[in-house]
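Here is the structure we will look at, set down as structure tokens.
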2 protein chains.
Amino acid sequence: MSITSDILRGHTEAIILAHLLEQDSYGYQINKDIMKKTDNRCELKEATLYSAFRRLEQAGYIRTYWGDEKVGARRRYYSITEEGRRAYQVYKREWEEAKAAIDKLLK
Amino acid sequence: MSITSDILRGHTEAIILAHLLEQDSYGYQINKDIMKKTDNRCELKEATLYSAFRRLEQAGYIRTYWGDEKVGARRRYYSITEEGRRAYQVYKREWEEAKAAIDKLLK
DNA sequence: ACAAGATACCTCGTCTGTCAAGGTATATTT
DNA sequence: AAATATACCTTGACAGACGAGGTATCTTGT
């Protein structure tokens, strides 16, 4: 069973930042990683992903640069900024709180 | 800190059903209960609540009737149906899965 | 007596994130 | 030569949340 987008909603940015915390990456790869890590239960659709990238960049949480692939399609890499790291900590704490609250409500 | 609506989104219906599992209730009361149970961290806004009621009724998960208050404002009560109970179990399982998945993604 | 606040219901229109559908280009496999 | 995988992107529609507004009743403080 896959996880509905309404449940994932609001976590997209945190999920992306969490990935960039480990290492710089690019859209296609991030997408694949998320699916793999969750046994295909979470899938961020491309359009969703790219709009999240725009928001994160706008907010100054990520920076972007083009990879220098000699071969194959070009890749746009993303890296997390200091501000992004701080934002991630907030997202993370929000998640912990939300988790506790929802657990209390869904007995 | 309060929980953003984007994080709560997708759980509204489950939260309402969970309440009706315990006992029949009405909008205003449900709203208060949710806030109390979560120390004011979760607040479903009225408009949100009522639109969820409409959806749940449409889906056949809840039934509604007017209370017979002799005094005070009239109350519209909601009660969960058998179908609603089954739906709740699905919502609940979805939540457990989503929780596990997001926990994996937000290290 | 009157105002303010709490209880209780509701609707309309706006906003925002998701995503289906469409597009481009390159490399590899059949 | 066609299909598949990699890799990027945009547009427009949709759905859920909610701010702002409304109605009516009862209680409390002054």
Who are the salt bridge (charged side-chain N to carboxylate O under 4.0 Å, His left out) partners of [X], not counting sequence neighbours?
| X | value |
| --- | --- |
| A:Lys104 | none |
| A:Asp39 | A:Arg41 |
| A:Arg85 | A:Glu82 |
| A:Glu83 | none |

Inset, instruction - Can you run down the salt bridge (Lys or Arg N to Asp or Glu O under 4.0 Å) pairs that involve residues 20-36 of chain A, sequence neighbours left out, and say none if there aren't any? - result: A:Glu22-A:Lys37
Atom pairs, N/O to N/O, protein against nucleotides 8-14 of chain C, distance under 3.5 Å?
{"unit_1": "C:dA8", "atom_1": "OP1", "unit_2": "B:Tyr26", "atom_2": "OH", "d": "3.4"}
{"unit_1": "C:dA8", "atom_1": "OP1", "unit_2": "B:Arg75", "atom_2": "NE", "d": "2.8"}
{"unit_1": "C:dA8", "atom_1": "OP1", "unit_2": "B:Arg75", "atom_2": "NH2", "d": "2.4"}
{"unit_1": "C:dA8", "atom_1": "OP2", "unit_2": "B:Tyr26", "atom_2": "OH", "d": "2.9"}
{"unit_1": "C:dC9", "atom_1": "OP1", "unit_2": "B:Arg76", "atom_2": "N", "d": "3.2"}
{"unit_1": "C:dC9", "atom_1": "OP1", "unit_2": "B:Arg76", "atom_2": "O", "d": "3.4"}
{"unit_1": "C:dC9", "atom_1": "OP2", "unit_2": "B:Tyr28", "atom_2": "N", "d": "2.6"}
{"unit_1": "C:dC9", "atom_1": "OP2", "unit_2": "B:Tyr50", "atom_2": "OH", "d": "3.3"}
{"unit_1": "C:dC9", "atom_1": "O5'", "unit_2": "B:Tyr50", "atom_2": "OH", "d": "3.4"}
{"unit_1": "C:dC9", "atom_1": "N4", "unit_2": "B:Glu46", "atom_2": "OE1", "d": "3.0"}
{"unit_1": "C:dC10", "atom_1": "OP1", "unit_2": "B:Arg76", "atom_2": "NE", "d": "2.5"}
{"unit_1": "C:dC10", "atom_1": "OP1", "unit_2": "B:Arg76", "atom_2": "NH2", "d": "3.2"}
{"unit_1": "C:dC10", "atom_1": "N4", "unit_2": "B:Glu46", "atom_2": "OE1", "d": "3.0"}

Legend entry - Of residues 6-25 of chain A, the positions that come close to DNA chain D - non-hydrogen atoms, cut-off under 4.0 Å: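 Going residue by residue through residues 6-25 of chain A, the ones with a heavy atom under 4.0 Å of DNA chain D turn out to be A:Asp6.
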Inset, instruction - Compute whether any side-chain donor of one residue and acceptor of the other, for B:Ser79 and B:Arg63, lie under 3.5 angstrom apart. - result: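 There is no such pair (donor and acceptor under 3.5 Å, judged by atom type) between the side chains of B:Ser79 and B:Arg63.
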Result block: side-chain N/O donor-acceptor pairs under 3.5 angstrom for residues 43-51 of chain A, not counting sequence neighbours:
{"unit_1": "A:Ser51", "atom_1": "OG", "unit_2": "A:Ala47", "atom_2": "O", "d": "3.4"}
{"unit_1": "A:Ser51", "atom_1": "OG", "unit_2": "A:Thr48", "atom_2": "O", "d": "3.0"}
{"unit_1": "A:Ser51", "atom_1": "OG", "unit_2": "A:Arg55", "atom_2": "NH2", "d": "3.4"}

Legend entry - Residue pairs involving residues 26-48 of chain B (criterion ring pair (Phe, Tyr, Trp, His ring centres under 6.0 Å); sequence neighbours excluded):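 Qualifying pairs: B:Tyr26-B:Tyr77.
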Legend entry - ILVMFWY clustering at 4.5 Å (side-chain atoms), partners of A:Trp66: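 Members other than A:Trp66 - counting any ILVMFWY side chain reachable under 4.5 Å - there are none.
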Inset, instruction - Compare side-chain N and O positions of A:Thr48 against OP1 and OP2 of C:dG17 and report whether any pair is under 4.0 Å apart. - result: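 No, no such contact exists.
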Inset, instruction - Determine the contact category for A:Lys32: base if any of its heavy atoms lies under 4.0 Å from a base atom, sugar-phosphate if only primed atoms, P, OP1 or OP2 are that close, otherwise nothing. - result: sugar-phosphate
Inset, instruction - Check every nucleotide of DNA chain D for an atom under 4.0 Å from a heavy-atom of chain B, then give the first and the last such nucleotide from 5' to 3'. - result: D:dA15 to D:dC26
Legend entry - Residues forming a ring-ring contact (aromatic ring centres under 6.0 Å, His included) with B:Tyr61, sequence neighbours excluded: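 Result, ring-ring contact (aromatic ring centres under 6.0 Å, His included) vs B:Tyr61: none returned.
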